[in-house]
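Written out below as structure tokens is the structure these notes cover.
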Amino acid sequence: MGLVDGSGSGRDALLPFLLGFVFLGITLTTALPHDGPLYDPTAYSDCRGEPEKPLYNGGLLRGYPPRVLSLGGRWRRQQQQQQHAFFFFHNLTVSTNYCLSGWVRIEGPGTGSALVTASLETEHEACTCIGTVLAVRGCWSFIKGGFTLSSPSNLSSLYLQSSSGDAIQIAVSSFSLQPFTDEQWRRNQQHVVNNVRKRNVMIHVTNGSGDMLQGAQVNVKQVSREFPFGSAISQAILGNSPYQEWFLERFNAAVFENELKWYVTEPTQGNVNYTLPDQMLQFVRKSGIIARGHNIFWEDPKFTPAWVQNLTGLGLRLAVNSRIRSLMTRYREEFVHWDVSNEMLHFNFYEKRLGPNATFEFFKTVHESDPLATLFLNDFNVVETCSDMNSTVDQYIARLRELRHGGAKTDGIGLEGHFTIPNAPLIRAVMDKLATLGLPMWLTEVDISSTVDKATQGEYLDQVLREGFSHPAINGIMLWAALHPEGCYQMCLTDDHLHNLPAGDVVDGLLKEWTTGAVAGRTDAHGSFSFDGFLGEYTVTVRSGNYGANSTFALSQGVETKHVTVSI
């Protein structure tokens, strides 16, 4: 693998030079150790006076010096003169996750800030967005992204472009491109799982006098998981015992698909009906699982009640206040989260009609009504892609900071996760950057598009769920797979007879993988028995001769060994 500085505006002019570079045997690749590099989650969401050092010491771009680029407008495959070829790479491979990072700064007079997009083109495919950053004049901003290829490439071009269409100059520094084979990527995921989702346990067995008992039989069983993993449900689960049993065998969290939305609970003004969410909440309570509140308002006019769309001014203000009071009075402390104003990166129905402070008031009022609930922003195309200019990672961060600086109690990052083809390095890079905010982050509506076949849905779902579970900043995962008689929104886990589809097999396989299996053994000479377990609730049974005892313990996150003493 090699690279060449893309100092011209087109690839063809440099091809003879590139071929000569390869022919002479001069390479800029770095030999990877046997186990491969450790993934670096470092990210920055603030603008800095100077760039930091490159991640991985530059990786394939090791030693590449800072420089200034003149960027044209938005990328068009057939109009390459509108972009700047930043780097050329030789022999990029499939089954490899390429992680991109670097620092950019707008130079010269004119635009104060601009969205800069990185893209990649090979002989066979175009990755139109592999990372974005909101570049600022006068200080350095961090871009982090990545890509995988569906076919190997002899010659690939990495481009930067101004997504606004304006011509700008940017300085670039500390760029890095680090490859990870699929095996290395999986080992890095497992490294995080072992350190964040699991913990070492030491069980000590004593007799009534406090003496340690050697050779005591110890049996441990995990009875619940700490990590919230759930799915959307609909009214179809009500009265359906087989579906309820199937659900509860797998999930410890739920979210109502549509039944709490305003257009369902109040289809006409003043006609408020909570029968369905009440019944679904009864199922949740009885089952001992948690539930997210989705949603109070939806900024998309298509999903705003028709009668609300006809309101303006004071009439609309009274209606939204009534909606909040009604929900919060009935469901105070019932839901662990509320999606307060859904998809506000893409739509702004309420702010257009009530002014720019409308959202601040929504969050303030909801928090005052239910101070124990975490209030989330929730939007799509944040981790699914970076080509949606409404929901780039920096757009999300800027909107969240704007609300928080205005006094809104926005404490949760909701990433819907409606994927077609997942880009694992980009998913991880976006989550890394969002994690710099230090807020709870959930994948809230994960599914895979029905435009791919069911086997591929399962394959892609496995990739997404592994990315989520192995990222230390992700606090929970919700699937968007509510089962209806007519099917599901995009992705079903089972058929209508509750027989697993490929996506369901993936879920079952991962749940087994992420649960501590049967643990049994005998205490050592010090009366101790140790194991590594996933976080959650456990029962332990110990026996020594004719004596025995049962106990329970909770395994929560921590770096120290958890010590449990059981006395017989």
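Everything quoted here is computed from the prediction, not taken from an experiment. When reading the values below, keep in mind they use all heavy atoms of this one structure, side chains included, and skip hydrogens, waters and symmetry mates.
Checked against a 6.0 Å centroid threshold, the rings of Tyr44 and Trp140 do not count as neighbours. Taking the centre of each ring, Phe180 and Tyr56 come in below the 6.0 Å mark. Taking the six-membered ring for Trp and the full ring otherwise, Phe376 and His337 have centroids separated by under 6.0 Å.
Between Leu443 and Leu415 there is a side-chain heavy-atom pair separated by less than 4.5 Å. Looking at Arg285 and Glu334, their side chains come closer than 4.5 Å, going by heavy atoms from C-beta outward. Between Ile296 and Leu327, some side-chain heavy-atom pair lies under the 4.5 Å cut-off. Side-chain contact between Arg199 and Ser556: present, with at least one pair of heavy atoms (C-beta onward) separated by less than 4.5 Å. Counting heavy atoms from C-beta on, the side chains of Thr494 and Tyr243 never come closer than 4.5 Å. The closest side-chain heavy-atom distance from Leu345 to Tyr396 is below 4.5 Å.
Within the structure, the side-chain hydrogen bond (donor to acceptor under 3.5 Å, both in side chains) test picks out the following pairs touching residues 247-262 (sequence neighbours left out): Arg250-Asp508, Glu257-His484, Asn258-Lys261, Asn258-Tyr263, Trp262-Glu266. Residue pairs meeting the disulfide (SG to SG under 2.5 Å) criterion with at least one partner in residues 268-341, sequence neighbours excluded, are absent. The salt bridge (Lys or Arg N to Asp or Glu O under 4.0 Å) contacts involving residues 410-423 comprise Arg404-Asp411, Lys409-Asp411, where partners must be two or more places apart or lie in separate chains. Sorted pairs that involve residues 327-382 and meet disulfide (SG to SG under 2.5 Å), not counting sequence neighbours, are lacking altogether. Under the ring-ring contact (aromatic ring centres under 6.0 Å, His included) criterion, the residue pairs touching residues 276-296 are His294-Trp480, with sequence neighbours excluded.
Put simply, the side chain of Thr436 never gets that close to the backbone of Ala43: no donor and acceptor are under 3.5 Å apart. At least one donor-acceptor pair closer than 3.5 Å links the side chain of Glu384 to the backbone N or O of Val382. Of the possible polar contacts, one joining the Gln244 side chain to the Ile237 backbone as a donor-acceptor pair under 3.5 Å is found. With hydrogens and angles ignored, the 3.5 Å screen pairs no side-chain donor or acceptor of Ser470 with any backbone N or O of Val193.
Residues passing the side chain to side chain contact (heavy atoms under 4.5 Å, CB included) test with Lys454 are Gln457, Leu501, Pro502, sequence neighbours excluded. Residues forming a salt bridge (Lys or Arg N to Asp or Glu O under 4.0 Å) with Arg325 (at least two apart in sequence, or on another chain): none. The side chain to side chain contact (heavy atoms under 4.5 Å, CB included) test applied to Thr275 returns Asn273, Gln279, not counting sequence neighbours. Partners of Thr312 under the side chain to side chain contact (heavy atoms under 4.5 Å, CB included) rule, at least two apart in sequence or in another chain, are Arg353. Among residues two or more places apart in sequence or in another chain, the salt bridge (Lys or Arg N to Asp or Glu O under 4.0 Å) test is passed with Arg332 by none. With sequence neighbours left out, the salt bridge (Lys or Arg N to Asp or Glu O under 4.0 Å) criterion links Glu299 to no other residue. Every residue two or more places apart in sequence or in another chain that forms a disulfide bond (SG atoms under 2.5 Å apart) with Cys129 is listed here: Cys386.
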Q: Decide yes or no on ring-ring contact (aromatic ring centres under 6.0 Å, His included) for Phe335 and Phe256, but give the supporting numbers first.
A: CA-CA 11 Å; Phe335 295 97; Phe256 303 170; 5.7 Å; yes
Q. Passes ring-ring contact (aromatic ring centres under 6.0 Å, His included), Tyr460 versus Phe419? Steps please.
A. CA-CA 8 Å; Tyr460 290 166; Phe419 291 90; 9.4 Å; no
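Taking OG1 of Thr444 as the start and CE of Met478 as the end, the distance is 9.0 Å to the nearest 0.5 Å. If you take CZ on Phe347 and CG on Asp379, they are separated by 8.0 Å, rounding to the nearest 0.5 Å.
Ring geometry for Trp185 versus Tyr39: interplanar angle over 60°, hence perpendicular rather than tilted (30 to 60°). Note on ring orientation: taking the six-membered ring where Trp is involved, the planes of Tyr538 and Phe553 are parallel (angle under 30°, cut-offs 30° and 60°). Ring pair Phe469/Phe227 is perpendicular by interplanar angle, where above 60° counts as perpendicular and below 30° as parallel.
Of all non-hydrogen atoms in Ala435 and Ala473, the two that sit nearest each other are CB-CB, 3.6 Å. Across all non-hydrogen atoms, the minimal contact from Leu281 to Tyr331 is CD2-CD2, 3.6 Å. Summarising the geometry of Trp307 relative to Pro267, their closest heavy-atom pair is CD1-O, 3.1 Å, with the distance given to 0.1 Å.
Lys364 NZ: 12 or fewer foreign heavy atoms inside a 6.0 Å radius. Counted within 6.0 Å of CD1 on Ile421, heavy atoms from surrounding residues, nucleotides or ligands total 12 or fewer; the atom is thus considered open. For CZ of Arg399, the number of neighbouring non-hydrogen atoms (other residues, nucleotides, ligands) closer than 6.0 Å is greater than 12.
In this structure, Arg466 pairs ionically with Glu513, as a charged nitrogen and a carboxylate oxygen lie closer than 4.0 Å.
None of Lys433, Lys144, Arg401 except one satisfies the salt bridge (charged side-chain N to carboxylate O under 4.0 Å, His left out) rule with Asp394; the exception is Lys433.
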